[in-house]
Amino acid sequence: MSARISGKPLLFVGVLLMSLYACINEIACEETNESPPHIIFFLTDDLGWNAPSFHNPAVQTPTIQALYESGVELTSHYTYKYCSPTRGSFLSGRFPFKLAATRANMNPATVKDGLHLSYTTIADKLKQANYSTHQFGKWHQGFFNTSYIPQSRGFDSSFGFLTGGQDHWSEKTITYNAGIDIWNTDRNEYGVNGTWSGELYGKAAVDVIEKNAHLRSEQGTAPPLFLYVALHNTHGPTQAPLRHINRYNFTGPAGAMKNVFYGMISAVDETVKNVTDALKEHNMWNNSLIVWTSDNGSPTEGTMGTSCETTDGQAGCPYCLCGSNYPLRGAKATNLEGGVRVPTIVSGPWLDDSLRGKKLDGLMHVCDWYATFSEIAGVDAADPGGIAPLDSISMVGYLTGNETQSPRDFIVHDHNMFGKTTHGAIRSGDWKLIVNAGISLGGWFGEFYPNSTATSPPDTSLHCPRKSPCLFNITADMTEHFNVASQYPGVVTKMLAMFDDVEKEYHPPVPSPPNDAEGYMAYVNSHKGFLGPWEG
């Protein structure tokens, strides 16, 4: 690899050669990979293992497929089992169990909570390296006070929504009974609700790319971009534009719902295409690093309900909580592989050619992007001021082919101490230990759920109480068909001790933060029905 990995930006090159690389008609100069790369991080919402076309050819994701074929797949990339803690882990470089979001996924929207203010975010880190930092789509890291919004957490701009979910067409939040949720950096964005949210957030990302290119054309140089593109698809409600739904023609009892859900996946692909095309159009692609992943597995806890409805170029179904993690076991909200193991690719010209088209099976956690991006940018990942120590490990050596093994061999999937008993799961090498008296979605749900033979969740409980925890060899059995705890009592004993050691580390306070529905509604009522930071 070249100096782009750990060297400092060669800013003097743009100054010395400005006359040679002068730009005309607002077309940006061609960038080289000697500069810190543009980092584009796509975080898809509730997209399970069986969603992208490289795992399921029935899904049409041609742009993501091309990135996969020219990139590297991380086949053991892990997140938290649901939304907000994964996002906080990515932003802070901490395992999710250290984050308050594991209490209740930052719900309802009226709760006065957020990512701990002592944490330096990855956006803060990249700004230290002169990156221009921007967030799009889903935030879900707290917003009751402006100290918690993206602008206060290292992002130069943001365009998206602050809560954990919204209607894809009206942009009304689904995490409380009132409030339109569209936020533009430091204010409500009036007048654009009613547009498909995926188009809004994708266009905002393209606009930032174009402005960066224009700056380069005028000045001969511009800061590298960090774009955190946190798409709301494929999170419910199950809705999509007809142009995407009409790509599919599934029939039968679940056919209409499957067409809409797959249309949502194709909508993700369209956004990825628009962003990557903009980088290419403005000669920024040759110095770009692309990461595409998901925040957790697909949910499989809904029912088929009534038929889907189509009106005026848009369509929607009941809140189906559908998808597929096939062939993995479990779903969103479980610590089984179907809940925490997500499809992930790294692509773009930054990637070394020796890795293209390959799979890397070594362990990686979403928190590891913090140290990885910091090293790529040439800044120290250390964050000694955080209330809990950093867990992130840089994967630069592994992702450049300079190291053949992942430096990570241990993951805390979950270590929840909010209830009367501690429950969770850890991974050490090949082994995974689950300590949980009852996992309600502990089965295998097929290539798409719900379906004609399983219209509502069957009783698929998995019981792994402390006195008889579950042990799986994930390397040999990634679908978790075989609980081998009775065959390896020594491994169970060792891993229980490791699980107990986690108790010594920082955990968020057990008492729930205050719920201020009155303050929330006062803001909504005084801001044309839009929600926002009600404490100023």
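Bear in mind the structure is a predicted one, so any value in this text is a computation, not a measurement.
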Looking at H232 versus F161, is the centre-to-centre ring distance below 6.0 Å? yes

How about H214 and E218: does a side-chain donor come under 3.5 Å of a side-chain acceptor? yes

I'd like to know whether the aromatic ring centres of Y228 and F42 sit less than 6.0 Å apart in this structure. no

In this structure, is the centre-to-centre distance between the rings of H38 and W350 below 6.0 Å? no

Using the ring centroid of each side chain, check whether Y262 and Y248 are separated by less than 6.0 Å. yes

Looking at Y190 versus F530, is the centre-to-centre ring distance below 6.0 Å? yes

Residue pair H140 / N107: nearest heavy atoms and the distance that separates them: NE2-OD1, 4.3 Å

Scan side-chain atoms only and decide if D430 and T475 contain a donor-acceptor pair under the 3.5 Å cut-off. yes

Mutual orientation of the aromatic rings belonging to H134 and F136 [parallel < 30°, tilted 30-60°, perpendicular > 60°]: parallel

Sidechain N-carboxylate O distance under 4.0 Å for R356, E69: no

Could you state the interatomic distance from CD (Q166) to CG (N193), rounded to the nearest 0.5 Å? 10.0 Å

Return yes when atom CD of E403 has more than 12 non-hydrogen atoms of other residues, nucleotides or ligands closer than 6.0 Å, and no otherwise. yes

Please determine, by modelled atom types, if W292 and T44 share a side-chain donor-acceptor pair under 3.5 angstrom. yes

Candidate list T293, V342, T234, D295, test side-chain contact (heavy atoms from CB on, under 4.5 Å), partner L47, passing option: T234

Please check if any side-chain donor atom of T163 sits under 3.5 Å from a side-chain acceptor atom of D181, or the reverse. yes

Answer yes if the ring centres of F95 and H365 are under 6.0 angstrom apart, and no otherwise. yes

Hey, can you tell me if F448 and F261 have their rings parallel, tilted or perpendicular (30° and 60° cut-offs)? tilted

